[in-house]
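To start, the structure under review is shown below, and the notes come after it.
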Amino acid sequence: MNQVTLTVEGKKERIDAWIAEKIPELSRSRVQKLIEDGNIQLNGRICTDKKVKVADGDRLSVTIPDSQPLELVAEAIDLAILYEDDDLVIIDKPAGLVVHPAPGHESGTLVNAILHHCPNIAGIGGVQRPGIVHRLDKDTTGALVIAKTDRAHQHLQAQLKAKTARREYLGIVHGAPKTESGTIDLPVGRHRSDRQKMAVVPPEKGGRNAVTHWQVLERLGNYSLLQFRLETGRTHQIRVHSSQIGYPIVGDPVYSSGRSIGVNLPGQLLHARRLILEHPVTGESIEAIAPIPPIFSKVLDILRAKVGGAGKSGPANALF
């Protein structure tokens, strides 16, 4: 159990919104549940009204109960393996597959599948996220590496931190960038009012350094096929950055402002195409390339037909 004491500074604001901003790891809905359970005190008294407004000088005490670990169960879920040996496995994650269990997704996740595929992986890198080195959003597809040993887990995470591992993505975006390439260097953090979203947030407000490099592969009228290379790995980084510069990912239900392309999509058309890393034991370079999902190819075919064939920038054809 953790207890946090805060003093309010500034204008009046709803208590749930104010606490969610000051404690980024708590979503607004989580704060409301803490209020409902009597875990928040305002000026020494338990507060049970999530709509009450706090004002300058108010004192808050927030009690955060220890989380109850989810029970992880091995499940026989088919996995598309791109590479595997005794130390690691790289899978091609499909759209719709959540990486690890969380409230609302207690089963049917990649972790459940990995526990079945690799029975000895339990506890590697953490009890609740065994083997997980990095994540892909639920509807983002493509290459994702899982460590089978503690040594591999530590080595792979160190590569990501040192930026020696290379992660390349393909995304179909709304709009046509004026230049052929660029770099987005904008801090990303939890959205102030919608705690389920991320946003560009200044460091003093909790934003963390985030750098994304992009390049136009193909121009398709009012759409473009971009290649993204991650230098950092913040939650929703590419989706937030791409939207911030005016070219949101097609099919993104959160950051594309309700834009439609006229095709029924499972989610954002963002694909982790290539993963290059150093083997944690042999030191050899490993390159895993995830095939383009059929829906991704279908949308490209439709857009190419609308503009009369392949777009102006041609290197994309070599990818398909």
Side-chain angles (χ1 to χ4, degrees), residues 80 82-83 90-99 110 132-146 156 159-160 163-175 177 179-186 188 198 209-220 223-256 261 265-277 286-300 303 311 313 315-320:
L82 299 175
Y83 174 90
I90 302 176
I91 66 112
D92 181 9
K93 191 188 86 64
L97 182 63
V98 175
V99 171
L110 175 60
I132 300 301
V133 178
H134 61 119
R135 294 175 59 250
L136 293 177
D137 297 332
K138 176 185 175 184
D139 293 323
T140 297
T141 56
L144 186 146
V145 63
I146 295 100
L156 292 168
Q159 290 183 51
L160 293 178
K163 304 172 185 176
T164 55
R166 187 179 179 96
R167 290 171 288 171
E168 294 179 0
Y169 292 69
L170 296 179
I172 302 176
V173 305
H174 294 274
T179 59
E180 293 303 310
S181 62
T183 295
I184 309 165
D185 186 351
L186 295 169
V188 171
M198 306 301 287
N209 173 52
V211 179
T212 305
H213 305 285
W214 61 269
Q215 177 185 356
V216 177
L217 294 183
E218 192 170 348
R219 296 183 180 275
L220 300 157
Y223 301 89
S224 302
L225 174 64
L226 301 188
Q227 176 179 278
F228 298 95
R229 181 169 62 82
L230 285 180
E231 194 168 303
T232 54
R234 309 304 176 206
T235 300
H236 297 184
Q237 178 174 316
I238 292 176
R239 298 165 63 190
V240 170
H241 273 175
S242 192
S243 179
Q244 182 69 22
I245 64 172
Y247 309 109
I249 304 292
V250 168
D252 193 325
V254 179
Y255 303 104
S256 66
I261 196 172
L265 302 174
Q268 63 274 359
L269 291 180
L270 183 62
H271 178 63
R273 170 66 170 171
R274 186 161 69 145
L275 176 62
I276 302 175
L277 50 86
I286 296 175
E287 178 181 24
I289 296 178
I292 306 300
I295 187 63
F296 206 105
S297 298
K298 177 181 178 180
V299 171
L300 281 175
L303 295 177
S313 299
N317 293 328
L319 299 171
F320 299 87

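Quick caveat, the model's predicted, so the values are computed rather than measured.
In this structure, the separation between CG on L97 and CG on L110 is 5.5 Å, given to the nearest 0.5 Å. Atom CD1 of I172 is separated from atom OG of S242 by 12.0 Å, given to the nearest 0.5 angstrom. Here I292 contributes atom CD1 and D92 contributes atom CG; the two are 9.5 Å apart, rounded to the nearest 0.5 Å. Atoms CG and CG, on L225 and L303 in that order, are 9.5 Å from each other to the nearest 0.5 Å. The CG atom of L270 sits 4.5 Å away from atom OG1 of T140, with the distance rounded to the nearest 0.5 Å. Note: E231 CD to H213 NE2 = 4.0 Å, rounded to the nearest 0.5 Å.
With hydrogens and angles disregarded, a donor-acceptor distance shorter than 3.5 Å links the side chain of H241 to the backbone of L186. When atom types are taken as modelled, the side chain of S243 and the backbone of S256 share no donor-acceptor pair closer than 3.5 angstrom. Checked by atom type and distance alone, the side chain of Q237 pairs as donor or acceptor with a backbone atom of V211 at under 3.5 Å. Checked by atom type and distance alone, the side chain of H271 pairs as donor or acceptor with a backbone atom of P291 at under 3.5 Å. Proximity of a side-chain donor or acceptor of R219 to a complementary backbone N or O of P177 within less than 3.5 Å is detected. In this structure, D137 contributes its side chain and D139 its backbone to no donor-acceptor pair below 3.5 Å.
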Open item on the list: Between Y83 and L275, is the side-chain contact (heavy atoms from CB on, under 4.5 Å) condition met? List the steps.
Closed with: CA-CA 11 Å; Y83 174 90; L275 176 62; over 6 Å; no
- [ ] Check the pair L217 / L226 against side-chain contact (heavy atoms from CB on, under 4.5 Å), numbers first and verdict last.
- [x] CA-CA 5 Å; L217 294 183; L226 301 188; over 6 Å; no
Open item on the list: side-chain contact (heavy atoms from CB on, under 4.5 Å) for K93 and T141? Distances and angles first, verdict last.
Closed with: CA-CA 5 Å; K93 191 188 86 64; T141 56; 5.9 Å; no
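Annotation: side chain of V254 is not in contact with side chain of M198 (no heavy-atom distance under 4.5 Å). In this structure the side chain of T212 reaches within 4.5 angstrom of the side chain of L230, judged on heavy atoms. Between W214 and V173, the closest side-chain pair of non-hydrogen atoms is not below 4.5 Å.
Taking the six-membered ring where the residue is Trp, Y223 and H174 present tilted rings, their angle falling between 30° and 60°.
Nearest heavy atom pair, residue Y255 against residue P248, reads O-CB, 3.5 Å. When all heavy atoms of Y169 and L136 are compared, the closest pair comes out as OH-CD2, 3.4 Å. Of all heavy-atom pairs between R234 and N209, the closest is NE-O, 2.7 Å. Pairing each heavy atom of V188 with each of T235, the nearest pair is CG1-O, 4.0 Å. The two atoms that bring L269 and F296 nearest to each other are O-CE1, 3.4 Å, heavy atoms only. Taking all atoms of both residues into account, the shortest heavy-atom contact from H134 to V145 is NE2-N, 3.1 Å.
A salt bridge does not link R273 with E168: none of the charged nitrogens is closer than 4.0 Å to a carboxylate oxygen.
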